[in-house]
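Okay, so here's the structure we're looking at.
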Amino acid sequence: ENNGSLIIENVTQSDVGQYVCTAQNDVGKKSHSVTLNVDFGSTDSSHVKGRVALKETAVLRCRLCSVPGFSFSWKKDSGQLPLKRAVQQGCTLVINNVTLDDIGNYTCSATSKSGTTLKENVPLYVTAAPRITSTFPAVIALRSGGSVQ
(Lines give C-alpha, C1' and ligand atoms only; values in the text may rest on other atoms or scores of the structure.)
Protein backbone atom coordinates (compact mmCIF):
# COMPACT_ATOMS: atom_id res chain seq x y z
CA GLU A 1 0.00 0.00 0.00
CA ASN A 2 1.39 3.39 -0.96
CA ASN A 3 0.00 5.79 1.65
CA GLY A 4 2.90 8.23 1.70
CA SER A 5 4.48 6.81 4.86
CA LEU A 6 8.11 5.90 5.29
CA ILE A 7 8.84 3.54 8.17
CA ILE A 8 12.42 2.91 9.25
CA GLU A 9 12.79 0.14 11.81
CA ASN A 10 15.88 -0.49 13.94
CA VAL A 11 17.29 2.97 13.23
CA THR A 12 21.08 3.14 12.94
CA GLN A 13 23.53 5.96 12.36
CA SER A 14 23.53 5.16 8.62
CA ASP A 15 19.83 6.20 8.46
CA VAL A 16 20.71 9.81 9.33
CA GLY A 17 20.18 12.20 6.44
CA GLN A 18 17.66 13.97 4.27
CA TYR A 19 14.56 12.24 2.91
CA VAL A 20 12.27 13.59 0.18
CA CYS A 21 8.60 12.66 -0.20
CA THR A 22 7.18 13.38 -3.65
CA ALA A 23 3.49 13.20 -4.57
CA GLN A 24 2.54 13.40 -8.23
CA ASN A 25 -0.64 13.15 -10.27
CA ASP A 26 -1.98 14.45 -13.62
CA VAL A 27 -2.42 17.96 -12.20
CA GLY A 28 1.06 18.44 -10.75
CA LYS A 29 3.86 17.42 -8.48
CA LYS A 30 4.66 18.39 -4.88
CA SER A 31 7.76 17.50 -2.82
CA HIS A 32 8.66 17.92 0.81
CA SER A 33 11.97 17.10 2.44
CA VAL A 34 12.74 16.18 6.03
CA THR A 35 16.05 15.66 7.78
CA LEU A 36 16.42 12.70 10.15
CA ASN A 37 18.82 13.24 13.04
CA VAL A 38 19.29 10.45 15.55
CA ASP A 39 20.50 11.00 19.10
CA PHE A 40 21.79 7.69 20.35
CA GLY A 41 22.06 9.03 23.88
CA SER A 42 24.82 9.74 26.28
CA THR A 43 28.23 8.19 25.90
CA ASP A 44 28.96 9.10 29.52
CA SER A 45 31.06 6.20 30.80
CA SER A 46 29.15 6.04 34.10
CA HIS A 47 26.06 4.96 32.15
CA VAL A 48 27.88 2.73 29.71
CA LYS A 49 30.01 0.89 32.25
CA GLY A 50 27.30 0.82 34.94
CA ARG A 51 29.74 0.86 37.84
CA VAL A 52 28.52 1.80 41.29
CA ALA A 53 29.88 1.36 44.80
CA LEU A 54 28.25 -1.04 47.26
CA LYS A 55 25.28 0.55 49.13
CA GLU A 56 25.18 3.51 46.69
CA THR A 57 22.47 4.30 44.12
CA ALA A 58 22.79 2.90 40.60
CA VAL A 59 21.27 4.89 37.74
CA LEU A 60 21.00 2.83 34.55
CA ARG A 61 19.96 4.88 31.54
CA CYS A 62 18.76 3.30 28.34
CA ARG A 63 20.40 4.95 25.33
CA LEU A 64 17.12 4.40 23.48
CA CYS A 65 15.68 7.29 25.53
CA SER A 66 16.22 9.57 22.59
CA VAL A 67 13.77 7.61 20.41
CA PRO A 68 10.44 9.50 20.64
CA GLY A 69 7.09 7.78 21.11
CA PHE A 70 8.35 4.66 22.89
CA SER A 71 7.39 3.22 26.28
CA PHE A 72 10.10 1.57 28.37
CA SER A 73 10.38 -1.44 30.65
CA TRP A 74 13.32 -3.06 32.46
CA LYS A 75 14.18 -6.59 33.53
CA LYS A 76 17.19 -8.31 34.99
CA ASP A 77 18.52 -11.19 32.89
CA SER A 78 19.01 -13.52 35.84
CA GLY A 79 15.73 -12.83 37.62
CA GLN A 80 13.53 -10.11 39.02
CA LEU A 81 14.47 -6.52 39.63
CA PRO A 82 15.40 -5.83 43.27
CA LEU A 83 12.05 -5.48 45.03
CA LYS A 84 11.37 -2.14 46.76
CA ARG A 85 14.81 -0.80 45.78
CA ALA A 86 14.35 -0.58 41.99
CA VAL A 87 12.33 2.31 40.58
CA GLN A 88 11.71 2.82 36.88
CA GLN A 89 11.61 6.46 35.85
CA GLY A 90 10.77 6.42 32.14
CA CYS A 91 13.82 5.08 30.32
CA THR A 92 15.94 5.15 33.49
CA LEU A 93 16.20 2.45 36.15
CA VAL A 94 17.25 3.58 39.63
CA ILE A 95 18.40 0.93 42.11
CA ASN A 96 18.86 2.21 45.64
CA ASN A 97 21.29 0.73 48.20
CA VAL A 98 22.90 -1.69 45.71
CA THR A 99 24.13 -5.06 46.90
CA LEU A 100 26.39 -7.65 45.32
CA ASP A 101 23.22 -9.54 44.29
CA ASP A 102 22.39 -6.63 41.95
CA ILE A 103 25.39 -7.39 39.72
CA GLY A 104 24.29 -8.53 36.27
CA ASN A 105 22.84 -7.56 32.93
CA TYR A 106 19.71 -5.45 32.77
CA THR A 107 17.62 -5.20 29.61
CA CYS A 108 15.82 -2.05 28.61
CA SER A 109 12.93 -2.71 26.19
CA ALA A 110 11.55 0.23 24.20
CA THR A 111 8.20 -0.47 22.57
CA SER A 112 6.47 1.77 20.04
CA LYS A 113 2.72 2.24 19.72
CA SER A 114 2.84 0.06 16.59
CA GLY A 115 4.41 -2.80 18.58
CA THR A 116 8.02 -2.49 17.43
CA THR A 117 10.39 -3.38 20.28
CA LEU A 118 14.03 -2.35 20.55
CA LYS A 119 16.23 -3.78 23.29
CA GLU A 120 19.48 -2.68 24.91
CA ASN A 121 21.55 -4.58 27.47
CA VAL A 122 23.02 -2.48 30.28
CA PRO A 123 25.49 -4.23 32.60
CA LEU A 124 25.74 -3.29 36.28
CA TYR A 125 28.98 -3.80 38.17
CA VAL A 126 29.13 -3.26 41.92
CA THR A 127 32.43 -2.31 43.47
CA ALA A 128 33.25 -2.73 47.13
CA ALA A 129 36.11 -1.53 49.30
CA PRO A 130 38.66 -4.18 50.29
CA ARG A 131 38.08 -5.92 53.62
CA ILE A 132 40.47 -7.59 56.02
CA THR A 133 38.83 -10.69 57.40
CA SER A 134 41.58 -11.90 59.73
CA THR A 135 42.36 -10.41 63.12
CA PHE A 136 45.92 -9.32 63.73
CA PRO A 137 47.54 -8.42 67.05
CA ALA A 138 47.98 -4.69 67.64
CA VAL A 139 51.66 -5.13 68.59
CA ILE A 140 54.16 -7.67 67.33
CA ALA A 141 57.45 -8.06 69.18
CA LEU A 142 60.42 -9.60 67.34
CA ARG A 143 64.07 -10.22 68.00
CA SER A 144 66.54 -8.83 65.55
CA GLY A 145 66.65 -10.98 62.40
CA GLY A 146 63.23 -12.56 63.10
CA SER A 147 60.39 -12.79 60.55
CA VAL A 148 56.62 -12.33 60.52
CA GLN A 149 54.10 -14.23 58.44
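Numbering of residues begins at 1 and proceeds along the displayed sequence. The shown structure was predicted, so the numbers you read here are calculated from the model rather than taken from an experiment.
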Rounded to the nearest 0.5 Å, what separates atom NZ in Lys76 from atom CG in Leu81? 8.5 Å
Is any side-chain heavy atom of Phe72 closer than 4.5 Å to one of Gln88? yes
I'd like to know whether Thr127 forms a side-chain contact (heavy atoms from CB on, under 4.5 Å) with Val52, so could you lay out the CA-CA distance, the side-chain angles of the two residues, the decisive distance to 0.1 Å, and finally the verdict. CA-CA 6 Å; Thr127 59; Val52 66; over 6 Å; no
Minimum heavy-atom separation for Asp102 to Pro82, with atom names? OD1-CG, 3.1 Å
Could you walk me through whether Leu124 and Ile103 satisfy the side-chain contact (heavy atoms from CB on, under 4.5 Å) test, starting with their C-alpha distance in whole Å, then the side-chain angles of each, then the deciding distance to 0.1 Å, before giving a yes or no? CA-CA 5 Å; Leu124 175 62; Ile103 294 171; 5.9 Å; no
For Leu54 versus Val98, what's the shortest heavy-atom pair and its separation? CD1-O, 3.6 Å
Below 4.5 Å, heavy atoms only, C-beta onward: do Trp74 and Cys62 meet side chain to side chain? yes
Do Asn105 and Thr107 touch side chain to side chain, with heavy atoms closer than 4.5 Å? no
What distance separates Tyr106 OH from Ile95 CD1, expressed to the nearest 0.5 Å? 3.5 Å
Rounded distance (nearest 0.5 Å) linking atom CZ of Arg63 with atom SG of Cys108: 10.5 Å
Go through the structure and list residues passing side chain to side chain contact (heavy atoms under 4.5 Å, CB included) with Asp101, not counting sequence neighbours. Thr99
Between Asn97 and Thr57, do the side chains contain an N or O donor and an N or O acceptor separated by less than 3.5 Å? no
